[in-house]
Amino acid sequence: MFTSKRFALLGFFIAFISLTPISISPALASVSAKSVSASATSFTTGTFRAFATATQTFTNPSAALSLPVTNGVAKTFFVENGGSLNQTAITMTITAPASGTITNLRNCPQGVLFATTTTCVGGVALTTNNPTSGVAKVYTISIPANTWYQFELTENKNGNATISVSVASTQIVTFTQNS
């Protein structure tokens with residue numbers, strides 16, 4: 001009988017110790033922290049900013065671009081990276097005038113202008129995109145800081161097309177520094 005009481009008491013203490021929360025004091029944790037790198041680690045900040053403009057000036061309009069368009073006539077505009085961080089993509093929404101549709105959207109490579117309608121300077125290849133009016137589309141194009149792309153928009157209504165460009169934190173170039 002004495003043995004069964006001893007096992008019961010021992011079982012109670014084991015259960016009590018097993019279920020008791022154990023925590024390490026934050027003060028003890030900070031005391032044991034140490035640097036594992038002899039070199040200094042630096043941090044930088046930057047901005048990511050993409051916008052559409054009628055002229056290539058790096059002046060952020062802080063609003064969507066209202067671009068006057070004519071039925072069947074190609075009209076150019078620029079998408080610029082006015083920030084200090086490189087971008088891997090942009091999200092652009094183009095809305096044609098009332099009940100209009102986009103018939104063509106083309107762009108030359110980074111930093112290359114259109115020479116004529118559908119032709120980039122130097123004869124370099126252009127890219128044809130297929131956006132839907134009023135629908136956001138992600139364009140995976142590399143836009144380093146302070147660079148631009150020229151786009152050419154053709155649609156089937158007279159009026160103003162609205163071009164809105166944004167960039168998300170997932171669309172910027174990130175880096176990892178191992179020390």
Side-chain angles (χ1 to χ4, degrees), residues 40-179:
T41 302
S42 62
F43 297 91
T44 60
T45 60
T47 56
F48 50 101
R49 187 175 303 131
F51 49 89
T53 64
T55 57
Q56 195 275 305
T57 61
F58 287 107
T59 302
N60 186 353
S62 299
L65 173 64
S66 180
L67 188 69
V69 291
T70 303
N71 179 6
V73 177
K75 183 76 174 197
T76 61
F77 66 94
F78 295 86
V79 172
E80 301 177 354
N81 177 354
S84 59
L85 298 173
N86 298 340
Q87 299 167 8
T88 58
I90 58 167
T91 302
M92 184 164 46
T93 304
I94 301 173
T95 305
S99 70
T101 58
I102 299 168
T103 55
N104 281 305
L105 180 67
R106 300 175 179 98
N107 66 278
C108 290
Q110 174 198 321
V112 178
L113 296 169
F114 276 93
T116 61
T117 303
T118 72
T119 306
C120 298
V121 169
V124 295
L126 57 83
T127 302
T128 300
N129 306 285
N130 297 307
T132 301
S133 180
V135 177
K137 181 177 178 181
V138 174
Y139 295 84
T140 306
I141 54 178
S142 175
I143 310 179
N146 296 309
T147 60
W148 49 269
Y149 279 80
Q150 187 176 32
F151 284 82
E152 180 182 77
L153 172 67
T154 310
E155 49 70 53
N156 67 351
K157 293 285 180 180
N158 295 338
N160 289 323
T162 304
I163 302 159
S164 175
V165 177
S166 66
V167 61
S169 61
T170 56
Q171 297 171 322
I172 62 171
V173 175
T174 58
F175 63 91
T176 303
Q177 179 176 340
N178 296 321
S179 40

Sequence neighbours left out, what pairs pass disulfide (SG to SG under 2.5 Å) with at least one residue falling in [range]?
range           : answer
residues 45-99  : none
residues 88-171 : C108-C120
residues 50-86  : none

Candidates L105, T91, N107, T127 - the one meeting side chain to side chain contact (heavy atoms under 4.5 Å, CB included) with Y139: L105

Consider side chain to side chain contact (heavy atoms under 4.5 Å, CB included). Of T101, V69, I102, which one does N156 pass it with? T101

Can you tell me how far apart [atom1] ([X]) and [atom2] ([Y]) are? Round to the nearest 0.5 Å.
X    : Y    : atom1 : atom2 : value
K137 : N130 : NZ    : CG    : 5.5 Å
L153 : T103 : CG    : OG1   : 7.5 Å
K157 : T70  : NZ    : OG1   : 13.5 Å
T162 : L65  : OG1   : CG    : 8.0 Å
I172 : R49  : CD1   : CZ    : 12.5 Å
Y149 : I141 : OH    : CD1   : 5.0 Å

Which pairs pass salt bridge (charged side-chain N to carboxylate O under 4.0 Å, His left out) with one or both residues in residues 60-70, sequence neighbours excluded? none

Restricting to pairs with a member in residues 108-130, which pass salt bridge (charged side-chain N to carboxylate O under 4.0 Å, His left out), not counting sequence neighbours? none

What are the two closest heavy atoms between [X] and [Y], and how far apart are they?
X    : Y    : result
Q56  : E80  : CA-OE2, 3.0 Å
N160 : P68  : OD1-CA, 3.2 Å
F114 : T76  : CD1-CG2, 4.1 Å
F151 : N129 : CE2-ND2, 4.0 Å
I143 : I90  : CD1-CG2, 3.7 Å
F51  : P61  : CD1-CD, 3.7 Å

Among side-chain atoms of Q110 and S142, is any donor-acceptor pair under 3.5 angstrom? no

Is there a donor in the side chain of T147 and an acceptor in the side chain of N81, or the other way round, less than 3.5 Å apart? no

Between Q87 and V79, does the side-chain contact (heavy atoms from CB on, under 4.5 Å) criterion hold? Intermediate values first, please. CA-CA 12 Å; Q87 299 167 8; V79 172; over 6 Å; no

Does G46 offer a backbone N or O that forms a donor-acceptor pair with the side chain of S84 under 3.5 Å? no

Is there a donor-acceptor pair under 3.5 Å between the side chain of T154 and the backbone N or O of G72? no

V138 vs Q171 side-chain heavy atoms within contact, under 4.5 Å: yes

Are the side chains of W148 and T57 in contact, using a 4.5 Å heavy-atom criterion? no

Residues in salt bridge (charged side-chain N to carboxylate O under 4.0 Å, His left out) with R106, at least two apart? E152

